[in-house]
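Beneath this line is the structure, given in structure tokens, with notes to follow.
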Amino acid sequence: MKLKWNTVNAGLMGLLCVNLSMGSSIKAFPEALGFGAYVTGGRGGSVYHVTNLNDSGVGSFRDAVSAPNRIVVFDVSGIINIKTAVSIKSNITIAGQTAPGEGIAIHGGKLSTGKQHNIIIRYLRIRPSENTASKKDNALNLYNSRDVIVDHCSVELAPWNNFGGSSDDANYRITGVTVQNSLIANPIGQQFGAHIESLQGTWAWYYNAFINTHNRNPLDKINDVFVNNILYNFEAGYTTHTSSHFKHDIVNNYFVYGPKGKKPWFQVDKNQSIYASGNMIDTNRDGVLNGSSTNIYYYQGEGEILTKPWSEETTKNPIYSAATAWRLVNSQSGVLPYDDIDSLIWYQASTLGAEGALVKSVADMGIKENNGWGYVQTGKAPQDTDKDGIPDYFEEAMGYDKTKDDAMIIESDGYARIEKYINWLGSMHTRVLQNVPSIFDLRSVTRGFQDVAPIYSVSAIEGVDVSLNSDAYSVTITPKPNFKGLAAFQYTVKGNDETEYTGRIEVLVEKSDHLVEVKDSTDVNMPTDFIRSNAEEVSPVFQSYFDIERGILYAHRSGFAVVKIVDFSGRSVAIFSGNLKKGINVLKMEKKNLAKGVYKTKIIFK
């Protein structure tokens with residue numbers, strides 16, 4: 001089969017934006033925070049399509065990131081097995097959220113941004129494992145890098161540190177880095193979470209999870225901001241251990257013991273200047289989030305206690321209570337939708353003490369399918385007639401020309417058109433049809449709040465009306481008459497433990513044949529015979545059927561298949577892989593203590 005790939009050249013308007021990252025007043029994406037918030041990545045460059053899962057060659061991920069000034073999109077999904085480290089060049093945006101299905105995972109080696117700058121990495125799973133080239137490999141190594149933001153990534157199974165961020169060049173210190181909404185879990189070898197070290201450097205952590213990690217959670221020898229992160233099942237938590245002086249803001253983080261648990265503060269030196277507030281710890285392993293406050297332990301004697309944050313990056317961004325942070329991170333961080341490995345890890349954290357393990361290999365995780373790796377479910381990329389990286393459905397909704405490469409045209413808000421697409425995909429989002437009511441399940445973005453009797457409220461922002469349904473957790477989204485394009489609504493979730501979070505759902509209103517005649521604002525006949533649900537996006541319709549209660553599957557054809565049971569948030573709770581015969585099959589699937597509720601089945605024939 002002939003490989004299809006293309007590199008899309010930028011138009012004149014796009015070229016004007018090359019290498020303007022440090023002077024940019026436009027965020028990397030709207031939700032970007034911290035020291036790396038204003039990097040521009042590949043804005044103003046070209047679009048490169050990853051079209052295969054090969055280790056190298058035209059259309060591969062390795063080739064995509066081998067040259068600067070690119071926005072990398074994915075026409076494929078699944079696992080990319082690499083044999084050697086992949087080096088990422090400067091001025092690049094890696095938009096893993098564009099991959100269909102359950103996205104992309106990089107297995108077998110490390111990724112490195114060594115001595116590069118101005119990089120955006122989103123929605124990527126990076127898992128070297130014991131198969132990597134060196135026992136000293138980090139999963140994602142930002143050695144001597146500047147101006148990088150990592151968002152919604154899963155960084156796991158590295159033999160040295162999951163995250164590396166050290167600098168040994170006085171003329172090029174690592175600085176200007178943000179890691180947010182990410183999962184740092186299951187390191188092997190040393191079982192270390194993150195080693196960050198740079199004099200005069202800056203690094204921010206927001207809404208991340210360190211899970212099943214022995215030590216370095218993180219080890220921060222850098223001026224840092226550590227806000228609303230969670231730690232679960234660890235043996236040594238936040239660490240400095242340095243003879244150099246640094247400043248730290250450590251605010252509203254939650255440390256929770258799993259089967260392992262000790263030393264939330266480890267080797268914190270007296271030569272550090274620290275502002276600490278609102279940090280919590282839960283040590284009782286009783287399955288309930290009910291901890292108490294925790295104060296920094298200095299192992300050499302008390303350091304300088306700051307009375308206010310040293311960095312404005314601590315206070316100018318949303319700060320939630322530690323308990324809200326726990327629930328938010330368990331709802332929306334890491335790569336979405338979850339694959340099998342991340343489903344297992346998030347399940348372990350949700351038990352609040354009962355489950356979790358430090359692992360030394362992939363097999364130690366206990367996943368039976370695919371040699372311990374589980375699966376990353378594949379999917380089909382949407383139609384993109386002009387191959388500019390923006391699919392037809394989005395171009396039609398936005399009024400772009402789907403037959404013309406217009407990806408790098410800069411819109412009035414400063415983002416290139418392709419960034420409008422990938423920013424929507426990278427947010428909590430949904431799709432609806434023009435003039436057609438649609439149902440959205442708020443539980444899908446608030447899984448971490450489900451054990452505290454959540455109460456929801458909603459309000460429209462632009463382009464749509466929204467109302468809470470009688471079930472008290474789903475909403476009906478009704479687009480404004482004949483409107484198409486980007487819209488949004490706001491939701492608030494409140495738990496009975498005083499946790500509270502307000503978020504946005506970005507809504508793409510797609511072009512449809514349901515047009516209405518608008519006489520005045522009170523005389524509009526909207527169709528009510530067709531209501532879409534966001535469940536359709538998560539669980540496509542298959543001809544086969546599985547009865548979860550009885551374990552009976554009717555297969556429309558024979559062949560090798562993967563069958564997954566997923567909850568309302570897309571987390572896998574049970575999986576089967578093997579050969580099916582056409583007709584009735586009886587499956588034995590281990591289900592993780594399924595609570596009463598609605599589950600979906602995904603059936604994929606390979």
> How far apart are the C-alpha atoms of Q97 and H152, what are their side-chain angles, what is the distance that settles it, and do they pass the side chain to side chain contact (heavy atoms under 4.5 Å, CB included) test?
Replying inline: CA-CA 9 Å; Q97 65 267 39; H152 281 286; over 6 Å; no
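- Atom NZ of K260 has 12 or fewer heavy atoms from other residues, nucleotides or ligands within 6.0 Å.
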> Please walk me through it: do N579 and S558 pass side-chain hydrogen bond (donor to acceptor under 3.5 Å, both in side chains)?
Replying inline: CA-CA 7 Å; N579 291 310; S558 60; over 6 Å; no
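- Put simply, the side chain of V76 does not reach to within 4.5 Å of the side chain of T378, judged on heavy atoms.
- Residues S154 and V335 approach most closely at OG-N, 3.4 Å, considering heavy atoms.
- Taking 4.5 Å as the limit, every side-chain heavy atom of F163 sits out of range of all side-chain heavy atoms of R216.
- Side chain of N141 to main chain of N161: no donor-acceptor pair is present (N/O by atom type, distance under 3.5 Å, no hydrogens or angles).
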> Between E506 and L486, does a side chain to side chain contact (heavy atoms under 4.5 Å, CB included) hold up when you go through it step by step?
Replying inline: CA-CA 7 Å; E506 304 296 331; L486 286 174; 5.6 Å; no
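- Here I188 contributes atom CD1 and K135 contributes atom NZ; the two are 10.0 Å apart, rounded to the nearest 0.5 Å.
- You'll find the side chain of V562 stays beyond 4.5 Å of the side chain of E369, heavy atoms only.
- No side-chain donor-acceptor contact under 3.5 Å links T213 to the backbone of G193.
- With Q332 contributing its side chain and V445 its backbone, the two residues share a donor-acceptor pair below 3.5 Å.
- Between D342 and R127 there is a salt bridge, with a side-chain nitrogen of the basic residue lying less than 4.0 Å from a carboxylate oxygen of the acidic one.
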>> Apply side chain to side chain contact (heavy atoms under 4.5 Å, CB included) to residues I104 and I80 and explain how you reach the verdict.
In response: CA-CA 7 Å; I104 285 289; I80 299 174; 4.2 Å; yes
> Does the side chain to side chain contact (heavy atoms under 4.5 Å, CB included) test come out yes or no for I121 and I149, once each step is laid out?
Replying inline: CA-CA 6 Å; I121 304 174; I149 187 164; over 6 Å; no
> Step by step, would you call N54 with S60 a side-chain hydrogen bond (donor to acceptor under 3.5 Å, both in side chains)?
Replying inline: CA-CA 6 Å; N54 298 341; S60 69; over 6 Å; no
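- The distance from the OG1 atom of T446 to the CZ atom of R327 is 11.0 Å, given to the nearest 0.5 Å.
- Listed here is the closest heavy atom pair of A561 and L580: CB-CD1, 3.6 Å.
- Using a distance-only test at 3.5 Å, with no hydrogens or angles considered, no donor-acceptor pair links the side chain of N162 to the main chain of I184.
- Side-chain atoms of P391 and Y421, non-hydrogen and from C-beta on, do get closer than 4.5 Å to each other.
- Surrounding NZ of K360 are more than 12 heavy atoms belonging to other residues, nucleotides or ligands, all under 6.0 Å away.
- Between the side chains of S333 and N208, no donor-acceptor pair of N or O atoms lies under 3.5 Å.
- What you find for A105 and H107 is that their closest heavy atoms are CB-NE2, 3.5 Å.
- Between Y338 and W346, the two ring planes are tilted [angle within 30° to 60°].
- Of the possible polar contacts, none joining the N69 side chain to the G42 backbone as a donor-acceptor pair under 3.5 Å is found.
- Scanning all heavy atoms of the two residues, the minimum distance from Y206 to G34 falls at OH-CA, 3.4 Å.
- Of the possible polar contacts, none joining the S343 side chain to the D340 backbone as a donor-acceptor pair under 3.5 Å is found.
- Distance check: R43 CZ to M408 CE gives 9.5 Å after rounding to the nearest 0.5 Å.
- The structure places CD1 of I345 at 12.5 Å from OG of S350, a figure rounded to the nearest 0.5 Å.
- When atom types are taken as modelled, the side chain of R443 and the backbone of F449 share no donor-acceptor pair closer than 3.5 angstrom.
- V177 pairs with exactly one of V39, L142, I196 by the side-chain contact (heavy atoms from CB on, under 4.5 Å) rule, that one being L142.
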>> Go through it in stages, so that I can follow the logic: the residues are N186 and N212, the test is side-chain hydrogen bond (donor to acceptor under 3.5 Å, both in side chains), and I'd like the CA-CA distance, side-chain angles, deciding distance and then a yes or no.
In response: CA-CA 5 Å; N186 287 23; N212 297 336; 2.8 Å; yes
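- Between I211 and L183, some side-chain heavy-atom pair lies under the 4.5 Å cut-off.
- Atom CD1 in I230 sits 4.5 Å away from atom CH2 in W326 (nearest 0.5 Å).
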>> Please evaluate residues Q348 and N233 with respect to the criterion side-chain hydrogen bond (donor to acceptor under 3.5 Å, both in side chains), reporting the C-alpha separation (whole Å), side-chain torsions for both, the decisive distance (0.1 Å), and the verdict.
In response: CA-CA 9 Å; Q348 290 170 336; N233 200 44; over 6 Å; no
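- Of the possible donor and acceptor atoms, none in the side chain of R146 sits under 3.5 Å from a partner among the backbone N and O of G176.
- Residues Y143 and N138 have side chains that never bring a donor and an acceptor to within less than 3.5 angstrom of each other.
- Considering all non-hydrogen atoms of both residues, F74 and P100 come closest at O-CD, 3.9 Å.
- Note that OG1 of T98 is 12.0 Å distant from CD1 of I390, once rounded to the nearest 0.5 Å.
- Between the N423 side chain and the F29 main chain, no donor and acceptor come within less than 3.5 Å of each other.
- Between T351 and Y232 there is a side-chain heavy-atom pair separated by less than 4.5 Å.
- Using modelled atom types and a 3.5 Å distance limit, the side chains of D220 and W205 yield a donor-acceptor pair.
- Residues D151 and S182 share a closest heavy-atom pair of C-OG, 3.9 Å.
- Proximity of a side-chain donor or acceptor of R62 to a complementary backbone N or O of T84 within less than 3.5 Å is detected.
- Looking at heavy atoms from C-beta onward, Q191 lies out of side-chain contact with F234 at the 4.5 angstrom threshold.
- The closest side-chain heavy-atom distance from Y393 to R431 is below 4.5 Å.
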